[in-house]
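Below you'll find the structure, written out as structure tokens, and then a few comments.
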There are 2 protein chains.
Amino acid sequence: MSLVHDAVSISEAAALTGLSTHALRYYEREGLMLGGVDRASSTHRRYTEADISWVVFLTKLRSTAMPIAKVREYVDLVREGEESTSARLELLLAHRANVLAQLDEITQSLAAIDYKIATYRKGNS
Amino acid sequence: MSLVHDAVSISEAAALTGLSTHALRYYEREGLMLGGVDRASSTHRRYTEADISWVVFLTKLRSTAMPIAKVREYVDLVREGEESTSARLELLLAHRANVLAQLDEITQSLAAIDYKIATYRKGNS
DNA sequence: GTAGAACTTAGAGTGCGCTCTAAGTCAAAC
DNA sequence: GTTTGACTTAGAGCGCACTCTAAGTTCTAC
């Protein structure tokens, strides 16, 4: 706990987001942190609640296989403010289609794996 | 079409499996092809129907994020024959659990993305 | 039989997303 | 005020899964 309400160290941010401290610095270097991270009272990073929420959302994009470069594109749009809302919507809708395709492919592969599992259970080959 | 029924060239195999010819040679080098691929009447590879089906199944494992090393483990068990059936079943069941976890994570991320999409549609931030 | 396309090998190169290192600075506890 | 551990930077290194290159061989069509 620090004097600044809810601003946490990089290792606490790592624990909260599931990323490594290395990855958090990497994301910042790559320009994914909107306004950059505060350095309250020192050179040390202090992550606010908003920073954490933001990183958590980024991990949702990443866990659905959005490449870092595309994430940065999205972040740049957010930085542009109100006027980019429709562009952001478009980007997320396009990504949504990718995610549905992923779910479909994985589900089909799962069916093939389940089929194989069933053959092993029946003792056939 | 060749004299040998259903044995196709590497580029045809690539077209049939969705892999590149480079990837097909790579898989063979990595020992993923069970008995190796025939070289009927030349140094050129000839993929049988069974080879193609096998590669297709491997792509199911790969598309569900099984690392090549784990795929090789599975292939090695298949090579051992009957006696490894229960080990193969175990491996596939463990992988199945990973796949379900993936589906779960992606589905949750999709929900977060859909939520964001909804806020853009409502014109809120 | 010859041109051109497709194939062969071994091995180097690539892109991605971190991950680690080194050398140093800062903070918290005692 | 000193130790201990967390933090800082810039930049190198890594693991994965291909992907590409080069130099040469073979197949197919004419």
Side-chain angles (χ1 to χ4, degrees), chain A residues 1-4 7-33 36-48 51 55-56 58-75 95 98 102 105 109, chain B residues 1-4 7-33 36-48 51 55 57-75 95 98 102 105 109:
Chain A
M1 310 299 170
S2 80
L3 292 175
V4 181
V8 301
S9 72
I10 193 168
S11 62
E12 286 167 305
L16 289 169
T17 60
L19 295 177
S20 69
T21 59
H22 293 297
L24 283 170
R25 291 193 199 95
Y26 168 70
Y27 279 21
E28 191 178 348
R29 250 183 291 149
E30 291 298 308
L32 307 187
M33 288 307 291
V37 179
D38 277 6
R39 308 301 177 101
S41 79
S42 81
T43 56
H44 292 196
R45 290 170 180 79
R46 310 253 79 200
Y47 288 81
T48 64
D51 290 330
V55 172
V56 167
L58 296 187
T59 64
K60 305 290 189 189
L61 297 179
R62 291 289 305 124
S63 72
T64 48
M66 184 183 285
I68 291 285
K70 201 80 187 174
V71 175
R72 182 166 37 225
E73 237 179 81
Y74 175 72
V75 174
H95 181 57
N98 292 342
Q102 278 173 58
E105 181 169 12
S109 295
Chain B
M1 309 299 168
S2 80
L3 293 175
V4 181
V8 301
S9 73
I10 193 168
S11 62
E12 287 168 303
L16 290 170
T17 60
L19 295 177
S20 70
T21 59
H22 293 299
L24 283 170
R25 291 192 200 95
Y26 168 70
Y27 278 22
E28 191 178 347
R29 250 183 290 147
E30 291 299 307
L32 307 187
M33 287 309 291
V37 179
D38 277 7
R39 308 302 178 99
S41 80
S42 81
T43 58
H44 292 196
R45 289 169 181 80
R46 312 253 78 201
Y47 288 81
T48 64
D51 289 330
V55 172
F57 183 66
L58 295 187
T59 65
K60 305 291 188 187
L61 297 179
R62 291 287 308 123
S63 72
T64 49
M66 183 183 286
I68 291 285
K70 201 80 187 175
V71 175
R72 182 166 37 223
E73 237 179 81
Y74 175 72
V75 175
H95 182 57
N98 292 342
Q102 280 174 56
E105 180 169 13
S109 296

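Note that the structure is a prediction, hence the values are computed from the model and not measured. A, B, ... follow the sequence lines: proteins, then strands. Residue 1 opens every chain.
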The side-chain hydrogen bond (donor to acceptor under 3.5 Å, both in side chains) partners of B:Thr59 (sequence neighbours excluded) come to none

The side-chain hydrogen bond (donor to acceptor under 3.5 Å, both in side chains) partners of A:Ser9 (sequence neighbours excluded) come to A:Ser11, A:Glu12

Applying salt bridge (charged side-chain N to carboxylate O under 4.0 Å, His left out) to A:Glu30 and not counting sequence neighbours gives A:Arg72

Sorted by chain and residue number, the side-chain hydrogen bond (donor to acceptor under 3.5 Å, both in side chains) partners of B:Ser63 (sequence neighbours excluded) come out as A:Ser109

Residue set satisfying side-chain hydrogen bond (donor to acceptor under 3.5 Å, both in side chains) with B:Thr21, at least two apart, ordered chain then number -> none

Protein heavy-atom contacts under 4.0 Å, written 5' to 3' over nucleotides 6-18 of chain C as B (base), S (sugar-phosphate only) or - (none), form the string -SBB-------BB

